[in-house]
Structure formats: structure tokens, C-alpha cells
**Q** 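So that we are looking at the same thing, I have put the structure below in C-alpha cells.
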Amino acid sequence: MKLTTKRPIRFDQPKGEVKPDASFSIRRELIRVITNMSCNNKNHQDKVRILGGVHTILNHCVEDQQNPYMPQWCIVALRMLLDGNPENQEIVRGLNAQKVVNTATMRELGIEVTKMDGDKPRVAVVHPEQEDQLQTSKS
């Protein structure tokens, strides 16, 4: 039997180039399990924090071609992990914005994130006519 190694999955590939893999659904289901087990259960919320799960959930809040609802599950999971748990809330409160990323999908929706007061990110809705004005003013 010949063993082959798998190439790592890249999430920035165009949709047609990513081949389905079992790990996609496993990650989604694990986040769903964490979400459901953390609901009104401080003991489980604490265990997830101790094992580094809050940061792991935050790292999965990205667009995923194979799991389009992954960011939504992560947001619900974060809500359950932070609900009534000041220690978990402190982890999120202690995060710093590193850089602002505006994706093509956000531009299509007319959304732009900018840094404002004290480097806090602010979401702005950009209408098509305003975008043209912004482009000419930046030139």
C-alpha cells in the first residue's frame, strides 16, 4: 500500500480549486459542539478557556469556502463562551487590532473598515457614489 501525503489546504484559493475534505465538516461540528456545551455552563466555558479554545474559535472567524456558515457558528460560540464569564470576556477585551483588512466581498457589499479613535476599528457603509469620491480624493 502506497502512502501519499496531502497538500495543506489553502483557504485563499478560488472556490473551484478547493477540494472537499473531511476536516472541513469536522471543524464545523466541533465548533457547534463547543457552542452547545458552553450554553449556560460556566464549568465548560472555563475548560475551553484553559485549553486555549477562545483563541481557537476567534481564529476560525474567517471566510471559509467549504463552510460558508463557519463565521456565524464562531460568533454564536463566542457569545456562549463569554456569557456570564468575566475571565473569558477579559481575553477578548485584551485583544488589539493588528491591521484593517477590507476584502473584495466587503467592497461588493459596500462595507469598509477603518481605524478611528485610539486605533479602534470602525465599520462604515460606503455607497457607490461615495466610493467614486473617495477614489478621486485619494489620488
Side-chain angles (χ1 to χ4, degrees):
M1 178 163 102
K2 183 179 178 183
L3 296 176
T4 59
T5 57
K6 286 187 175 181
R7 291 187 1 224
I9 298 168
R10 293 185 49 213
F11 296 102
D12 58 347
Q13 295 174 344
K15 191 169 189 167
E17 294 181 25
V18 177
K19 294 185 173 62
D21 188 311
S23 68
F24 285 106
S25 61
I26 290 171
R27 288 184 294 125
R28 181 189 64 230
E29 294 304 317
L30 286 173
I31 289 174
R32 288 178 61 186
V33 168
I34 291 169
T35 300
N36 291 320
M37 291 181 71
S38 298
C39 182
N40 299 321
N41 187 334
K42 186 157 185 337
N43 186 34
H44 189 265
Q45 293 169 345
D46 291 339
K47 286 180 183 178
V48 171
R49 180 189 66 252
I50 291 166
L51 295 171
V54 175
H55 288 99
T56 302
I57 298 290
L58 286 166
N59 285 333
H60 281 84
C61 287
V62 295
E63 290 181 35
D64 185 336
Q65 296 167 1
Q66 297 297 321
N67 288 309
Y69 297 109
M70 180 72 87
Q72 287 81 358
W73 271 111
C74 291
I75 290 168
V76 175
L78 285 170
R79 191 220 182 274
M80 296 302 159
L81 288 168
L82 301 179
D83 188 33
N85 195 315
E87 296 89 357
N88 288 355
Q89 293 172 13
E90 191 58 38
I91 290 173
V92 175
R93 192 175 295 115
L95 297 174
N96 294 319
Q98 295 179 350
K99 71 178 187 175
V100 174
V101 178
N102 288 302
T103 64
T105 305
M106 292 170 63
R107 282 190 291 278
E108 289 173 13
L109 295 171
I111 300 172
E112 181 180 15
V113 179
T114 58
K115 282 195 175 184
M116 299 302 274
D117 316 329
D119 284 340
K120 293 194 177 195
R122 180 169 188 265
V123 177
V125 177
V126 179
H127 298 285
E129 60 274 1
Q130 291 176 333
E131 190 173 310
D132 294 337
Q133 292 172 357
L134 287 173
Q135 293 298 329
T136 56
S137 66
K138 289 180 181 178
S139 305

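Residue numbers count from 1 along this sequence.
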**Q** Would you name the heavy atoms of S38 and H44 that are closest together and state the gap between them?
**A** OG-ND1, 3.1 Å
**Q** Which atom names give the shortest non-hydrogen contact between I31 and M70, and what distance separates them?
**A** CD1-SD, 3.5 Å
**Q** Please check if the number of heavy atoms outside N59 that lie under 6.0 Å from its CG is greater than 12.
**A** yes
**Q** Hey, could you give me the CD/CD1 distance between E87 and I50, rounded to the nearest 0.5 Å?
**A** 9.5 Å
**Q** Between atom CD of E90 and atom CG of L95, what is the distance when rounded to the nearest 0.5 Å?
**A** 10.0 Å
**Q** To which residues is M37 joined in a hydrophobic cluster, defined by side-chain heavy-atom contacts under 4.5 Å among Ile, Leu, Val, Met, Phe, Trp and Tyr, whether direct or through other members?
**A** V33
**Q** Indicate if V92 and W73 have the same hydrophobic cluster label, given that clusters are the connected sets of ILVMFWY residues with side-chain heavy-atom separations under 4.5 angstrom.
**A** yes
**Q** Do side-chain atoms of N36 reach the backbone of R32 as a donor and acceptor pair under 3.5 angstrom?
**A** yes
**Q** Can you list the residues that meet the salt bridge (charged side-chain N to carboxylate O under 4.0 Å, His left out) rule with D46, with sequence neighbours excluded?
**A** K42, R49
**Q** Over all heavy atoms of both residues, which pair between S25 and N67 is shortest? Give the atoms and the distance, please.
**A** N-ND2, 4.3 Å
**Q** Could you check whether Q45 and N85, counting side-chain N and O atoms only, form a donor-acceptor pair closer than 3.5 Å?
**A** yes
**Q** Could you state the interatomic distance from CG (L81) to CD1 (I57), rounded to the nearest 0.5 Å?
**A** 6.0 Å
**Q** Does L30 share a hydrophobic cluster with V76, counting links as ILVMFWY side-chain heavy atoms below 4.5 Å and allowing steps through other members?
**A** no
